[in-house]
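Just below is one structure, and these are the notes that go with it.
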Amino acid sequence: MSIRIAFLKGHGTENDFVIVPDPENAVDLSPAAVAALCDRRAGIGGDGLLHVVRSAAHPEARAMAAEAEWFMDYRNGDGSVAEMCGNGVRVFARYLQRAGHVSEGDVAVATRGGVKSVHIAKEGDITVGMGRALLPEGDVTVSVGGRSWPARNVNMGNPHAVAFVDDLAHAGDLLTPPPVSPPSAYPDGVNVEFVVDRGPRHVALRVHERGSGETRSCGTGACAVAVAAARRDGADPSVTGTPVTYTVDVPGGTLVITERPDGEIEMTGPAVIVAEGVIEPEWLESALR
């Protein structure tokens, strides 16, 4: 790469991202380049990378261009591609607002998990329509050390295994992916959430995100946890006709998750841009050697 690439840094409840604006999809971001940029010691540092591209300019998003002008080409911190990132969508929308592409109000964002509806509120928080949760059948078990727990299989456009535990310390160091069985339940890997109760419709979690390790927050994970907690607590909005809202504490802050009777899930939380700059091509070339 011989060109100087602009970047920004942002976070949503401390789930942090390198943001690379590239409207015409002209920057070749290889997995190795993404991993180098997300390296916390030798790079910029981030749980993932938000590649900002016009939907019409990206082969994976052209079919969504009529619905959403902008495509969130999301990458995990190890360079692998991911379907969705809930905190990432909020930060993506905050960037679009900062850059003058959108203003307060409603905006559509294309992702590999489909088009997401986003609302940028005057008071600052951003709400994302996260779609519906799928609850695949079959028993799943999560293990750490000598302990094992039954887990709820929840798909939010990406896969999650949600385990309710007595103490978040039981999750261990989360440096490596917690073993999940059967392996056939998640052929492409899985995000694993460990959850404790804090009060009525109030839970807290720790999460191991596939491709990133433990992160300070996971938006799709918070949604998966809220749905799993609601079903555990006997609440199903599609049956009762009444929305269900859970407050979900993550290590980096708090998210509010609402599941509506039509199955749509909304997530509300902060999104902050903290810095911007330019990636030096010499550094990136050296990092990729």
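Worth saying up front: this structure is predicted, and the values here are computed from it rather than measured. These values consider heavy atoms only, across backbone and side chains, with no hydrogens, waters or symmetry-generated copies.
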Kindly say whether Val162 contributes a backbone atom to a donor-acceptor pair with the side chain of His160 at under 3.5 angstrom? no
Notebook entry, point to check: Do you reckon Phe7 sits in the same ILVMFWY cluster as Leu288, going by side-chain contacts under 4.5 Å, direct or chained?
Noted result: yes
Residues pairing under ring pair (Phe, Tyr, Trp, His ring centres under 6.0 Å) where one sits in residues 196-216, two or more places apart or in two chains, turn out to be none
Ser217 meets the side chain to side chain donor-acceptor pair (under 3.5 Å) criterion, sequence neighbours left out, with Thr13, Asn87
So the salt bridge (charged side-chain N to carboxylate O under 4.0 Å, His left out) pairs with at least one residue in residues 235-261 (sequence neighbours excluded) are Arg231-Asp236, Arg231-Glu259, Arg260-Asp262, Arg260-Glu266
Here the gap from Phe17 atom CZ to Ile273 atom CD1, rounded to the nearest 0.5 Å, amounts to 10.5 Å
query: If we only count heavy atoms from C-beta on, is the Leu135 to Val154 side-chain gap below 4.5 Å?
result: yes
Here the pair of heavy atoms bringing Ala93 nearest to Val118 is CB-CG1, 3.7 Å
Distance col, row Met156:CE vs Met84:CE, nearest 0.5 angstrom, shows 7.0 Å
TODO: Ignoring hydrogens and angles, tell me if any N or O in the side chain of Asn76 forms a donor-acceptor pair with the backbone of Gly79 under 3.5 Å.
DONE: no
Closest heavy-atom pair, Ser55 versus Ala110, reported as atoms and distance to 0.1 Å, is OG-CB, 3.6 Å
Closest non-hydrogen contact found for Ala171 with Arg206 is CB-NH1, 3.7 Å
Using the rule that Ile, Leu, Val, Met, Phe, Trp and Tyr join whenever any side-chain heavy atoms are under 4.5 Å apart, tell me whether Val272 and Ile126 fall into a single cluster. no
Determine, stepwise, if the pair Thr258 / Ile265 fulfils side chain to side chain contact (heavy atoms under 4.5 Å, CB included).
-> CA-CA 6 Å; Thr258 297; Ile265 297 169; over 6 Å; no
Step-by-step side chain to side chain contact (heavy atoms under 4.5 Å, CB included) determination, Val128 to Ser117: CA-CA 6 Å; Val128 179; Ser117 298; over 6 Å; no
Tightest non-hydrogen contact, residues Pro251 and Leu205, listed as CD-O, 3.4 Å
- request: Let me see the working for Leu8 and Arg98 under side chain to side chain contact (heavy atoms under 4.5 Å, CB included), right down to the final yes or no.
  value: CA-CA 11 Å; Leu8 298 91; Arg98 177 191 175 100; 3.7 Å; yes
dist Leu96:CG -> Glu69:CD (nearest 0.5 Å) comes out at 8.5 Å
> Quick one: does Arg94's side chain have a donor or acceptor within less than 3.5 Å of a partner on Gly124's backbone?
Replying inline: yes
Hits for side chain to side chain donor-acceptor pair (under 3.5 Å) against Glu24, two or more places apart or cross-chain, chain-then-number order -> Arg54
Would Thr127 and Met267 satisfy side chain to side chain contact (heavy atoms under 4.5 Å, CB included), going step by step from the backbone distance to the final call?
CA-CA 5 Å; Thr127 298; Met267 175 183 64; over 6 Å; no
Separation between CE (Met72) and NE2 (His58), nearest 0.5 Å, reads 12.0 Å
Interatomic distance, OH@Tyr95 vs CG@Leu50, rounded to 0.5 Å, equals 11.0 Å
Residues pairing under salt bridge (charged side-chain N to carboxylate O under 4.0 Å, His left out) where one sits in residues 12-23, two or more places apart or in two chains, turn out to be Lys9-Asp16, Glu14-Arg216, Asp16-Arg40
Residue pairs meeting ring pair (Phe, Tyr, Trp, His ring centres under 6.0 Å), one or both in residues 242-282, sequence neighbours left out, come to none
Excluding Val53, membership of its hydrophobic cluster (Ile, Leu, Val, Met, Phe, Trp, Tyr; side-chain heavy atoms within less than 4.5 Å) reads none
Notebook entry, point to check: Can you check whether Ile120 reaches Gln97 side chain to side chain, under 4.5 Å on heavy atoms?
Noted result: yes
With clusters defined by side-chain heavy atoms of hydrophobic residues (ILVMFWY) lying less than 4.5 Å apart, directly or transitively, does Met64 cluster with Trp70? no
For Ser143 and Ser148 the tightest heavy-atom approach is OG-OG, 2.8 Å
Got Tyr74 and Thr111 here, is their nearest side-chain heavy-atom distance under 4.5 Å?
no
- Do the side chains of Val81 and Val115 join up, straight or via other hydrophobic residues, at under 4.5 Å, putting them in one cluster? no
Residue pairs passing the salt bridge (charged side-chain N to carboxylate O under 4.0 Å, His left out) test with at least one member in residues 150-169, sequence neighbours excluded, are none
- Item | Minimum side-chain heavy-atom gap Leu37-Leu29 below 4.5 Å | yes
Connected to Val278, directly or through other members, by ILVMFWY side-chain contacts below 4.5 Å are none
> Does any N or O in the side chain of Trp283 come within less than 3.5 Å of the main-chain N or O of Ala42, such that one atom is a donor and the other an acceptor?
Replying inline: yes
From the list Ile279, Ile19, Asp39, side-chain contact (heavy atoms from CB on, under 4.5 Å) partner of Ile44 resolves to Ile279
Side chain to side chain donor-acceptor pair (under 3.5 Å) filter on Glu104, not counting sequence neighbours, yields none
Between Ala108 and Ala68, the two heavy atoms sitting closest are O-CB, 3.7 Å
Any donor-acceptor pair under 3.5 Å from Thr215 side chain to Cys218 backbone:
no
message: Could you tell me if Arg232 sits above the aromatic ring of Phe164, with its cationic atom closer than 6.0 Å to the ring centre and no more than 45 degrees from the axis?
response: yes
Apart from Val192 itself, members of its ILVMFWY cluster (side-chain separation under 4.5 Å) are Val140, Val142, Val144, Trp149, Val165, Leu168, Leu174, Val180, Tyr186, Val190, Phe194, Val196
Original post:
Does the pair Arg201 and Asp233 meet the rule for a salt bridge (Lys or Arg N to Asp or Glu O under 4.0 Å), with working shown?
Top reply: CA-CA 9 Å; Arg201 294 190 177 176; Asp233 296 342; over 6 Å; no
query: Side-chain contact, heavy-atom cut-off 4.5 Å: Phe71 with Arg62?
result: no
Residue pairs meeting salt bridge (charged side-chain N to carboxylate O under 4.0 Å, His left out), one or both in residues 115-142, sequence neighbours left out, come to Arg132-Glu264
| said: I'd like to know if the side chain of Asp197 reaches the main chain of Gly199, judged simply by a donor and an acceptor atom lying under 3.5 Å from each other, with no hydrogens or angles considered. | reply: no
Rounded to the nearest 0.5 Å, the OG atom of Ser30 sits from the CG atom of Leu284 at a distance of 7.5 Å
Does the pair Glu193/Arg210 count as a salt bridge with the N-to-O cut at 4.0 Å? no
Report yes if the side chains of Val89 and Val91 come closer than 4.5 Å at any heavy-atom pair, otherwise no.
no
